[in-house]
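Notes follow once the structure below has been shown.
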2 protein chains.
Amino acid sequence: MNWKSPDQDFAARARRVLAECRALAQMTEEPGRITRRFLTPPVHDVHAHLSARMQALGMTVRVDAIGNLRGLWQPSGPQAKRLLIGSHIDTVPHAGAFDGVLGVVLALELVDIALVEIALLQNEKARDRLALEVVAFSEEEGVRYATPFLGSRALAGSFDPALLAAKDADGVRMDAAIRAFGLDPEKIGEAALDPKTGDPGVLGFLEMHIEQGPVLEAENLQLAVVDGIVGQTRLEFRFTGQANHAGTTPMHLRHDALAAAAEWIVAVESIARSEAGLVATVGKLDLQPNAANVIPGQVELSLDLRHMSDLTRGHWVRYLIHAAQSAAHKRGAEVEWQQKLDQPAVEMDPGLTMQLAEALHACGIPARRMPSGAGHDAMVMAARFPAAMLFLRSPGGISHHPDESVREQDVEAALRVGAKFLARLAATVS
Amino acid sequence: MNWKSPDQDFAARARRVLAECRALAQMTEEPGRITRRFLTPPVHDVHAHLSARMQALGMTVRVDAIGNLRGLWQPSGPQAKRLLIGSHIDTVPHAGAFDGVLGVVLALELVDIALVEIALLQNEKARDRLALEVVAFSEEEGVRYATPFLGSRALAGSFDPALLAAKDADGVRMDAAIRAFGLDPEKIGEAALDPKTGDPGVLGFLEMHIEQGPVLEAENLQLAVVDGIVGQTRLEFRFTGQANHAGTTPMHLRHDALAAAAEWIVAVESIARSEAGLVATVGKLDLQPNAANVIPGQVELSLDLRHMSDLTRGHWVRYLIHAAQSAAHKRGAEVEWQQKLDQPAVEMDPGLTMQLAEALHACGIPARRMPSGAGHDAMVMAARFPAAMLFLRSPGGISHHPDESVREQDVEAALRVGAKFLARLAATVS
């Protein structure tokens with residue numbers, strides 16, 4: 001293996017990263033839009049493009065049975081400890097060019113500069129200590145099979161084989177889709193990394209991802225170190241009152257399902273504003289009969305509530321269930337609820353996260369720490385391996401939208417931090 | 001003309017009234033459901049049925065050019081003053097058997113007993129003073145041409161000929177529908193009653209109608225004297241915030257259109273509860289994008305606000321427009337609004353209404369006075385003639401529904417009151 005020539009021009013590297021993301025955005029199911037679901041034909045193009053880059057970097061390339069593209073860069077023997085770096089290459093329909101893909105392209109750029117930085121540490125043995133495996137997860141968004149994180153679940157050994165019978169919107173079973181892509185669904189178990197089964201020691205997993213929210217932009221910061229992924233509750237409520245004539249039913253004889261729901265929606269917003277780090281959203285609401293001159297008889301709505309502390313989350317969920325009952329009963333209405341999701345919070349690894357924060361400090365960048373309000377592959381990986389995550393500022397907080405973007409100077413900062421992180425990791429790995 | 005034989009059995013008359021309503025309910029556009037829109041074929045059957053009854057009562061029958069069936073009972077010469085009594089014979093789709101029709105059938109029953117009661121007053125000249133015209137209005141609900149009160153507008157001389165070009169859901173123009181029914185749309189002007197143009201003096205108009213609300217039932221009362229028809233404002237609001245990720249957007253960076261709307265809906269309910277006689281309803285609400293994990297970016301909703309005082313109504317409309325702006329601006333959102341309806345309140349005639357209230361007292365029935373929260377033909381008639389209106393209790397407050405009903409003892413009470421009203425009117429007419 002040849003060492004890459006030193007290249008300290010991080011700005012030029014950042015431009016190359018952005019150009020790569022835009023090139024990959026051309027590989028889509030729909031001309032003119034970025035839509036690339038799990039194992040659809042353009043995924044072959046993405047694999048070909050990334051594989052060529054990996055091979056040029058001297059990496060050993062394979063595609064595992066769930067369709068993850070994995071490139072191993074192992075400059076010395078199998079005794080080296082391995083850091084996984086990556087993110088996902090699938091997208092939502094009509095997506096932007098950076099959600100997921102950016103983390104994969106950044107990882108390859110880091111491989112390109114890794115040894116330069118390691119060399120700068122003047123620690124000659126670092127190269128013997130650290131291997132890098134870049135992972136382009138095949139599935140994270142959950143679009144095609146209504147189940148997210150298929151790629152990282154396979155790596156973490158938490159993929160449920162029952163999912164293979166799931167069907168997509170066209171009736172194609174997941175196992176058939178995997179075969180059609182040229183892979184063998186019976187080998188998904190072999191995709192799992194297990195430090196306990198003789199697999200060379202995995203140091204951990206690093207994911208770099210756009211924030212997909214407005215926090216960093218609002219605080220004029222470029223990057224953040226992710227503490228963890230918030231836990232999430234999803235509930236559905238049905239308020240049932242009585243539909244009646246809007247003109248002939250006096251206020252004291254009404255059972256207005258929407259008035260009850262509205263009082264409760266105000267409470268949802270109010271408690272979320274009162275508790276640091278809590279977000280709570282009523283995003284979906286359907287009214288019956290939904291006519292201007294009829295008092296609403298029924299309201300169905302959703303509650304999405306997230307917090308880094310599962311205890312805090314549980315407390316407010318119980319509070320809001322009581323508040324819904326109170327708002328309904330006040331008006332002679334009823335309320336029923338159903339839990340659709342109860343996902344615990346996942347903390348990133350404290351040690352790896354601290355090292356990432358120190359890399360930011362070393363680069364002169366404030367190490368803002370924040371939870372992620374959305375799920376990521378790092379959440380699934382964290383169940384089995386030390387995981388850390390770096391957010392890049394999302395201009396306008398926009399994601400899952402063609403206007404999604406990322407700033408060149410923020411990509412440059414992420415590269416500097418990533419390089420510093422790897423260098424320090426290599427220096428400290430034993 | 002022969003006097004009808006005295007029949008004091010009001011209970012038997014009430015049963016006959018209910019049986020007549022049920023017979024008319026069989027005349028429908030849809031088998032198994034009561035649906036009888038303006039000038040559809042079953043209206044011919046209703047006309048034939050009611051005409052036969054009118055002729056048996058010795059009435060002169062005609063159908064005017066808008067399709068109102070009108071029976072004149074004029075025992076003596078044209079010098080008698082004429083009281084109009086009636087309601088409408090069209091229905092909403094999938095209607096009940098009593099909305100409108102009950103008032104027409106009650107009017108005919110009153111003709112049947114009118115002179116008995118007049119004779120009981122032992123005022124022999126009463127018969128020379130009072131004539132009765134029973135009107136079965138052809139259109140009140142506004143279903144077929146999205147415009148209500150076509151029948152009473154023609155009588156009151158307020159029918160706008162431009163309406164003749166309106167088309168129904170099948171593309172049939174109103175004038176073509178009138179011709180197809182066998183009438184001449186050019187003669188609608190002749191349907192107008194005008195006391196100023198030599199038409200025998202019209203004393204006024206009496207409408208008997210089910211309450212279509214829960215007030216009388218809640219107060220355990222049978223009948224009410226209607227003070228007037230409330231004025232009505234219909235507004236449409238659009239709250240525009242910013243759609244965003246429900247997990248990654250902290251509360252202080254949100255512009256949640258639904259939270260703003262919810263705060264305002266609570267205010268709508270609150271002010272309507274605080275002002276006697278005010279009803280205010282948000283009956284329609286549509287959310288964008290309406291997804292559980294997305295902060296609502298836009299909410300469109302309706303406001304229906306009614307009160308007997310136009311000043312009070314105007315005050316609260318202005319208050320709620322300010323409140324909507326305040327709820328939106330607090331959240332960095334915007335609100336726009338559009339007025340869809342601004343219909344002034346209409347008072348019933350104080351003199352005729354007092355006579356009706358006295359008839360209730362004379363029958364030993366509490367004369368509860370209340371406004372009507374819904375529009376009626378009496379509202380249109382009141383613009384040109386003294387009008388009075390009697391409500392019959394609506395069991396369950398149900399109307400515009402197959403379960404709509406009326407109690408036999410309430411129909412009996414209405415007949416007693418109506419008979420007393422006519423007798424006293426005949427005695428006092430000069």
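Every chain is numbered from 1 and lettered A, B, ... according to where its sequence line falls, protein lines coming before strand lines. These figures come from a predicted structure and were not determined experimentally.
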Can you name the side chain to side chain contact (heavy atoms under 4.5 Å, CB included) partners of B:Ala257, sequence neighbours left out? B:Phe239, B:Val299
Can you sort out the partners of B:Ala280 under side chain to side chain contact (heavy atoms under 4.5 Å, CB included), two or more places apart, ordered by chain and number? B:Val268, B:Ala272, B:Leu303, B:Leu305
Please state whether the side chain, the backbone, both or neither of B:Val230 comes within less than 4.5 Å of a heavy atom of chain A. neither
Which of A:Ala374, A:Ala291, A:Ala259 touches chain B most, by non-hydrogen pairs under 4.5 Å: A:Ala291
Atom group of B:Leu301 that falls short of 4.5 Å from chain A, counting heavy atoms: neither
Chain A heavy atoms under 4.5 Å from B:Leu287: which part of the residue, side chain, backbone, both or neither? side chain
Picking from A:Gly277, A:Gly283, A:Gly373, which has the most non-hydrogen pairs under 4.5 angstrom with chain B? A:Gly283
Might you point out which heavy atoms bring A:Ala262 and B:Val266 nearest each other, and give the distance in Å? C-CG2, 3.7 Å
Donor and acceptor N/O pairs, chain B versus chain A, under 3.5 angstrom:
unit_1, atom_1, unit_2, atom_2, d
B:Gln212, O, A:Thr248, OG1, 2.4
B:Thr248, OG1, A:Gln212, O, 2.4
B:Arg254, NH1, A:Ala280, O, 3.3
B:Arg254, NH1, A:Thr281, OG1, 2.7
B:Arg254, NH2, A:Thr281, OG1, 3.2
B:Glu269, OE1, A:Arg331, NE, 3.3
B:Glu269, OE1, A:Arg331, NH2, 2.7
B:Glu269, OE2, A:Arg331, NE, 2.7
B:Ala280, O, A:Arg254, NH1, 3.3
B:Thr281, OG1, A:Arg254, NH1, 2.7
B:Thr281, OG1, A:Arg254, NH2, 3.2
B:Gly283, O, A:Ala291, N, 3.3
B:Leu285, N, A:Asn290, OD1, 2.8
B:Asp286, OD1, A:Asn290, ND2, 3.2
B:Asn290, OD1, A:Leu285, N, 2.8
B:Asn290, ND2, A:Asp286, OD1, 3.3
B:Ala291, N, A:Gly283, O, 3.3
B:Arg331, NE, A:Glu269, OE1, 3.4
B:Arg331, NE, A:Glu269, OE2, 2.7
B:Arg331, NH2, A:Glu269, OE1, 2.7

For chain B, the option from A:Gly213, A:Ala292, A:Ala260, A:Ala243 that forms the most heavy-atom pairs under 4.5 Å: A:Ala292
Side chain to side chain, B:Val279 and A:Met251, heavy atoms closer than 4.5 Å: yes
